[in-house]
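Just so you know, these numbers come straight off a predicted model, no measurement behind them.
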Amino acid sequence: MNECIAYFCGNWIPAHSLNLSIDDVGFRQGVTAVDRMRTYGGRVFMLPRHLARFDATTKFLGIDSLPDPAAMVDLINELLTRNRDWIAQHHDVGITMFATPGVVGSPAPTLALHLNRLNHSLNQQRLTQGQSLVITDVVQPPAASWPRSIKVRNRLHYYRADMWARSAMRDALSNAASSDVIGVLIDDDGSVTETSISNVAIVEGQTIVSPEADQVLGGITQQVVEELAASESLTWNKERLSPARFAGADEILCMGTDGGLWFANSVTVAGKKIEAKMTRNPAKIYPLLLAGFAKRTSELGSFDVS
């Protein structure tokens with residue numbers, strides 16, 4: 001088995017040796033900017049957009065002296081080149097980059113890049129069979145703490161939502177088909193926002209509706225799906241969505257880096273599990289967007305660093 005190599009603060013090291021000092025602010029206070037990408041057909045998908053979001057996050061957190069975007073492209077290029085054999089074993093892979101203010105007392109930030117395996121069988125299952133969603137009582141952190149537009153490693157709220165969801169569905173988890181369950185976080189008014197791995201949107205007739213932009217992390221995959229919807233002359237609105245409206249939609253879309261585009265097959269609200277309509281009736285919008293997304297990931301919008 002080939003060794004996976006990671007980048008850490010100017011050095012190329014075995015990925016299993018990558019670690020943070022206990023004196024790193026990223027460990028001591030959880031101050032960590034992060035962005036996650038993946039490849040499709042060996043190409044990094046939407047790299048410029050991911051780099052722009054990472055730059056916005058690091059600027060908000062005051063993490064300075066990082067490589068500029070051109071240098072980051074070179075690092076990602078080298079990361080993939082050094083791991084060419086490892087990638088060949090695992091097909092398309094995930095790419096994670098993260099930065100912290102560094103070790104306490106040091107002027108230099110911490111910067112790391114590494115690869116991760118993708119669960120291709122689970123992604124395929126979600127794409128064809130869907131995923132169960134549970135609307136939780138876990139509320140998103142307020143914008144006064146940090147804006148939801150930045151991507152950070154402090155994910156305690158996501159972790160709690162998924163714990164809540166698993167607990168709510170414990171009786172059903174003996175059935176392997178229902179074991180893929182994830183929590184949906186809410187806003188302070190009770191409206192739905194997102195999950196730990198995806199943005200969400202509903203379909204009502206020929207209209208797609210997703211939570212308001214300031215309620216969620218601006219997902220790169222959702223941006224692409226929005227563009228695909230526009231190319232099909234579909235209306236996309238951003239509104240606050242009540243749990244009842246969300247659960248009663250014609251279709252429910254999920255969009256995230258690892259899985260791309262998939263759908264929800266059920267929604268549990270206040271302990272009541274509701275089978276998604278698209279699993280009872282033929283879906284119309286999801287197959288249309290999925291076909292467009294498959295074409296986009298194979299032909300357009302990718303950044304080839306090979």
Side-chain angles (χ1 to χ4, degrees), residues 37-38 40-41 43 45-50 52-53 123-133 135 148-149 182 184-187 191-267 269 274-303:
M37 302 158 281
R38 65 158 291 174
Y40 285 97
R43 296 180 175 185
F45 188 59
M46 294 295 162
L47 178 55
R49 298 189 193 187
H50 282 283
R53 186 172 65 181
N123 287 342
Q124 182 64 24
Q125 174 184 304
R126 290 171 176 169
L127 185 149
T128 57
Q129 300 177 35
Q131 182 178 36
S132 298
L133 304 182
I135 297 178
R148 297 173 194 173
S149 59
I182 200 162
V184 180
L185 291 89
I186 59 172
D187 219 326
S191 59
V192 303
T193 61
E194 60 192 351
T195 80
S196 62
I197 62 171
S198 65
N199 292 118
V200 294
I202 63 171
V203 178
E204 296 175 326
Q206 295 293 302
T207 300
I208 302 171
V209 186
S210 63
E212 294 180 350
D214 62 357
Q215 290 188 278
V216 298
L217 174 69
I220 307 300
T221 304
Q222 178 172 321
Q223 291 176 16
V224 174
V225 177
E226 287 184 38
E227 292 164 1
L228 293 171
S231 71
E232 297 292 343
S233 300
L234 298 171
T235 300
W236 192 303
N237 297 328
K238 295 187 178 180
E239 306 169 6
R240 290 185 174 254
L241 293 169
S242 69
R245 182 181 177 189
F246 185 82
D250 296 330
E251 304 175 42
I252 299 174
L253 309 176
C254 300
M255 299 153 286
T257 295
D258 279 14
L261 172 64
W262 65 103
F263 68 95
N265 55 31
S266 68
V267 181
V269 184
I274 304 167
E275 185 181 3
K277 284 186 180 179
M278 70 177 294
T279 61
R280 302 192 298 267
N281 304 307
K284 298 178 181 178
I285 303 303
Y286 171 69
L288 178 68
L289 294 176
L290 185 62
F293 189 78
K295 182 178 180 181
R296 185 74 179 269
T297 54
S298 64
E299 298 177 2
L300 300 173
S302 299
F303 189 92

Legend entry - Atom of I182, atom of S196 and distance for their closest heavy-atom approach: CD1-OG, 3.4 Å

Inset, instruction - Answer whether the closest heavy-atom distance between the side chains of T279 and F263 falls below 4.5 Å. - result: yes

Legend entry - Note, V203 side chain near Y286 side chain (heavy atom, < 4.5 Å): no

Inset, instruction - For the residue pair R245 and E204, establish whether any side-chain heavy-atom pair is separated by less than 4.5 Å. - result: yes

Inset, instruction - Check whether any side-chain heavy atom of L289 sits under 4.5 Å from a side-chain heavy atom of I208, and report yes or no. - result: yes

Legend entry - Verdict with reasoning, W236 to V225, per side chain to side chain contact (heavy atoms under 4.5 Å, CB included): CA-CA 10 Å; W236 192 303; V225 177; 3.9 Å; yes

Legend entry - Side chains of Q215 and R148 in contact at under 4.5 Å (non-hydrogen atoms): yes

Inset, instruction - Would you give the length of the straight line joining atom CD1 of I202 to atom CG of N237, rounded to the nearest 0.5 angstrom? - result: 10.0 Å

Inset, instruction - Working to the nearest 0.5 Å, report the span between CG of L288 and CG of L234. - result: 6.5 Å

Inset, instruction - Kindly say whether V200 contributes a backbone atom to a donor-acceptor pair with the side chain of S198 at under 3.5 angstrom? - result: no

Legend entry - Pairwise distance CG(L47) to CE(M37) - rounded to 0.5 angstrom: 6.0 Å

Inset, instruction - Decide, yes or no, whether a salt bridge links D258 with R126 under the criterion of side-chain N to carboxylate O below 4.0 Å. - result: no

Legend entry - Side-chain heavy-atom pair E251, K284 within 4.5 angstrom cut-off: yes

Legend entry - Full working for side chain to side chain contact (heavy atoms under 4.5 Å, CB included) between R53 and M46: CA-CA 11 Å; R53 186 172 65 181; M46 294 295 162; over 6 Å; no

Inset, instruction - Looking only at non-hydrogen atoms, find the nearest pair between A247 and I274 and report the distance. - result: CB-CD1, 3.8 Å

Legend entry - Any side-chain donor near an acceptor of the partner, E227 and Q223, under 3.5 Å: no

Inset, instruction - Verify, without hydrogens or angle tests, whether T221 (side chain) and M255 (backbone) share a donor-acceptor contact under 3.5 angstrom. - result: no

Inset, instruction - Sort out for me which residue in I186, L217, V184 forms a side-chain contact (heavy atoms from CB on, under 4.5 Å) with E194. - result: L217

Inset, instruction - With rounding to the nearest 0.5 Å, note down the distance linking CD1 in I252 to CG in L133. - result: 6.0 Å

Legend entry - Any donor-acceptor N/O pair, S191 side chain to D187 backbone, under 3.5 Å: no

Inset, instruction - For N265 and S132, test the side chains for any donor-to-acceptor distance below 3.5 angstrom and give the result as yes or no. - result: yes

Inset, instruction - Give a yes or no on whether Q206 atom CD has more than 12 heavy-atom contacts from other residues, nucleotides or ligands under 6.0 Å away. - result: no

Legend entry - Euclidean distance, L290 CG relative to T128 OG1, rounded to 0.5 Å: 10.0 Å

Legend entry - Interatomic distance, T195 atom OG1 to L185 atom CG [nearest 0.5 angstrom]: 8.0 Å

Inset, instruction - Using modelled atom types only, decide if a donor and an acceptor are shared between the side chain of N199 and the backbone of Q222 within a distance under 3.5 Å. - result: no

Inset, instruction - Of all the heavy-atom pairs spanning P211 and V216, show the shortest one and how long it is. - result: CB-CG1, 4.0 Å

Inset, instruction - Find out whether V267 and I135 are in side-chain contact, i.e. whether some heavy atom of one side chain is under 4.5 Å from a heavy atom of the other. - result: yes

Legend entry - Pair V224-R49, side chain to side chain contact (heavy atoms under 4.5 Å, CB included): steps then yes or no: CA-CA 11 Å; V224 174; R49 298 189 193 187; 4.2 Å; yes

